[in-house]
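When a residue number appears, it is its place in the shown sequence, counting from 1.
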Amino acid sequence: MKIIPMLVKEMAEEAVTTRKMLSIIPADKFDWQPHPKSMSLRQLASHIGELPAWVTMVLNTTGLDFAQNGYTEHNCPSVDAAIELFEQNLAGAQQQLEKATEDDLLPDWTLRNGDIVYVTCSKAEMIRTTFCQLVHHRAQLGVFLRLLDIPIPGSYGPSADEMQVYDMENAG
């Protein structure tokens, strides 16, 4: 079984839910954060927007050393800008992944901070980890939105909000 078609399919499927979640962020709450140690909605949406770029980075490098390449946080000025960043990085990731070969996924890739190695794994595994990070932060976004009493769209089936509407429409 080929890995690249599975990764391309998964990336496309996760993008559908990610778009839904990003699109319901209220512009007037973009700087809201639920706790001082939490990211703001702006930071979280910006980070979600940049995550697909990791696929491109993984395919084109042997690793990332934060000690040599410090992380520069994106600071999208609006919800639309975060969505645009996501779409731009997603398109680049899809293009890079579709032109990759199965052998391109085999070499090791290392995430580190100087002498501290966080993880070394195959490029295929790091791409999957990137997808997991996207889902993790998207779920975090869902909690933030729930705290703001914003109805949440379903991810892998209907959400509690969608089921409530379905139940009301089919009652009686």
**Complete:** Excluding V16, membership of its hydrophobic cluster (Ile, Leu, Val, Met, Phe, Trp, Tyr; side-chain heavy atoms within less than 4.5 Å) reads none
**Request:** Answer whether the closest heavy-atom distance between the side chains of L141 and L41 falls below 4.5 Å.
**Result:** yes
**Message:** Strictly distance-based, threshold 3.5 Å: is any side-chain N or O of N89 a donor or acceptor partner for the main-chain N or O of G49?
**Reply:** yes
**Message:** Quick test of your reading: applying ring pair (Phe, Tyr, Trp, His ring centres under 6.0 Å), list the pairs with at least one residue in residues 43-66, sequence neighbours left out, ordered by first then second residue.
**Reply:** H47-H137
**Message:** Distance check, rounded to the nearest 0.5 Å: K20 atom NZ versus I24 atom CD1?
**Reply:** 9.5 Å
**Residue pair A67 / N113: nearest heavy atoms and the distance that separates them** = N-OD1, 3.3 Å
**Asked** Say you draw a straight line from OG of S46 to CG of L22; how long is it, rounded to the nearest 0.5 Å?
**Response** 9.5 Å
**side chain to side chain donor-acceptor pair (under 3.5 Å) involving S38 - partner list, sequence neighbours excluded** = none
**Qualifying side-chain hydrogen bond (donor to acceptor under 3.5 Å, both in side chains) pairs, either residue in residues 27-37, two or more places apart** = D31-R42
**Message:** For residues 3-12, which residue pairs pass the side-chain hydrogen bond (donor to acceptor under 3.5 Å, both in side chains) check, not counting sequence neighbours?
**Reply:** K9-E13, E10-R128
**Prompt:** Does a side-chain heavy-atom distance below 4.5 Å link D104 with K123?
**Reply:** no
**Message:** Is it the case that over 12 heavy atoms from other parts of the model lie below 6.0 angstrom from the CD atom of E102?
**Reply:** yes
Determine all donor-acceptor pairs shorter than 3.5 Å in which one atom belongs to a side chain in residues 55-62; sequence neighbours excluded.
{"residue": "N60", "atom": "ND2", "partner": "T56", "partner atom": "O", "Å": "2.8"}
{"residue": "N60", "atom": "ND2", "partner": "Q96", "partner atom": "OE1", "Å": "3.0"}
{"residue": "T61", "atom": "OG1", "partner": "M57", "partner atom": "O", "Å": "2.7"}
{"residue": "T61", "atom": "OG1", "partner": "W109", "partner atom": "NE1", "Å": "2.9"}

**Message:** With rounding to the nearest 0.5 angstrom, report the CD1 to SG distance, I48 to C76.
**Reply:** 10.5 Å
**Request:** Would you name the heavy atoms of E162 and G157 that are closest together and state the gap between them?
**Result:** OE1-O, 4.1 Å
**Message:** Running the 4.5 Å side-chain criterion over Ile, Leu, Val, Met, Phe, Trp and Tyr, what cluster does Y156 land in, apart from itself?
**Reply:** V135
**Request:** Taking all heavy atoms of L97 and all of I4, pick out the closest pair and write down the distance.
**Result:** O-CG2, 3.4 Å
Please output the side-chain donor-acceptor pairs of residues 146-155 that fall under 3.5 Å, not counting sequence neighbours, one pair per line with the distance.
{"residue": "R146", "atom": "NH1", "partner": "D161", "partner atom": "OD1", "Å": "3.3"}
{"residue": "R146", "atom": "NH1", "partner": "D161", "partner atom": "OD2", "Å": "2.9"}
{"residue": "R146", "atom": "NH2", "partner": "D161", "partner atom": "OD2", "Å": "3.0"}

**Asked** Where do H74 and Q43 land on the side-chain contact (heavy atoms from CB on, under 4.5 Å) test, with the steps shown first?
**Response** CA-CA 7 Å; H74 277 86; Q43 291 168 306; over 6 Å; no
**Request:** Report the residues that fulfil side chain to side chain donor-acceptor pair (under 3.5 Å) with E125, sequence neighbours left out, ordered by chain and then residue number.
**Result:** S122
**Prompt:** Mind checking what makes side chain to side chain donor-acceptor pair (under 3.5 Å) contact with S23, not counting sequence neighbours?
**Reply:** none
**Request:** Measure the shortest side-chain to side-chain distance between M11 and F131 over non-hydrogen atoms and say whether it is less than 4.5 angstrom.
**Result:** yes
**Asked** At their closest point, which heavy atom of F30 faces which heavy atom of A45, and how far apart are they?
**Response** CE1-CB, 3.9 Å
**Prompt:** What's the shortest heavy-atom distance between L145 and P26, and which atoms?
**Reply:** CD2-CD, 4.0 Å
**Item:** Side-chain heavy-atom pair L64, R112 within 4.5 angstrom cut-off
**Value:** no
**Message:** Applying a strict under-4.5 Å side-chain criterion to I, L, V, M, F, W and Y, I'd like to know whether L51 and V119 cluster together.
**Reply:** yes
**Request:** For residues G142 and M21, report the shortest heavy-atom separation together with the two atoms involved.
**Result:** CA-CE, 3.3 Å
**Message:** Going by salt bridge (charged side-chain N to carboxylate O under 4.0 Å, His left out), name the residues that satisfy it together with E50, two or more places apart in sequence or in a different chain.
**Reply:** none
**Prompt:** Rounded to the nearest 0.5 Å, what separation is found between the CE atom of M126 and the CG atom of L105?
**Reply:** 13.0 Å
Donor-acceptor pairs are to be reported for all side-chain atoms of residues 79-87 against protein atoms at under 3.5 Å, with residues two or more places apart or in another chain.
{"residue": "E87", "atom": "OE1", "partner": "R19", "partner atom": "NE", "Å": "3.4"}
{"residue": "E87", "atom": "OE1", "partner": "R19", "partner atom": "NH2", "Å": "3.1"}
{"residue": "E87", "atom": "OE2", "partner": "R19", "partner atom": "NE", "Å": "2.4"}

**Message:** Nearest 0.5 angstrom please: I25 CD1 to L44 CG, how far?
**Reply:** 7.0 Å
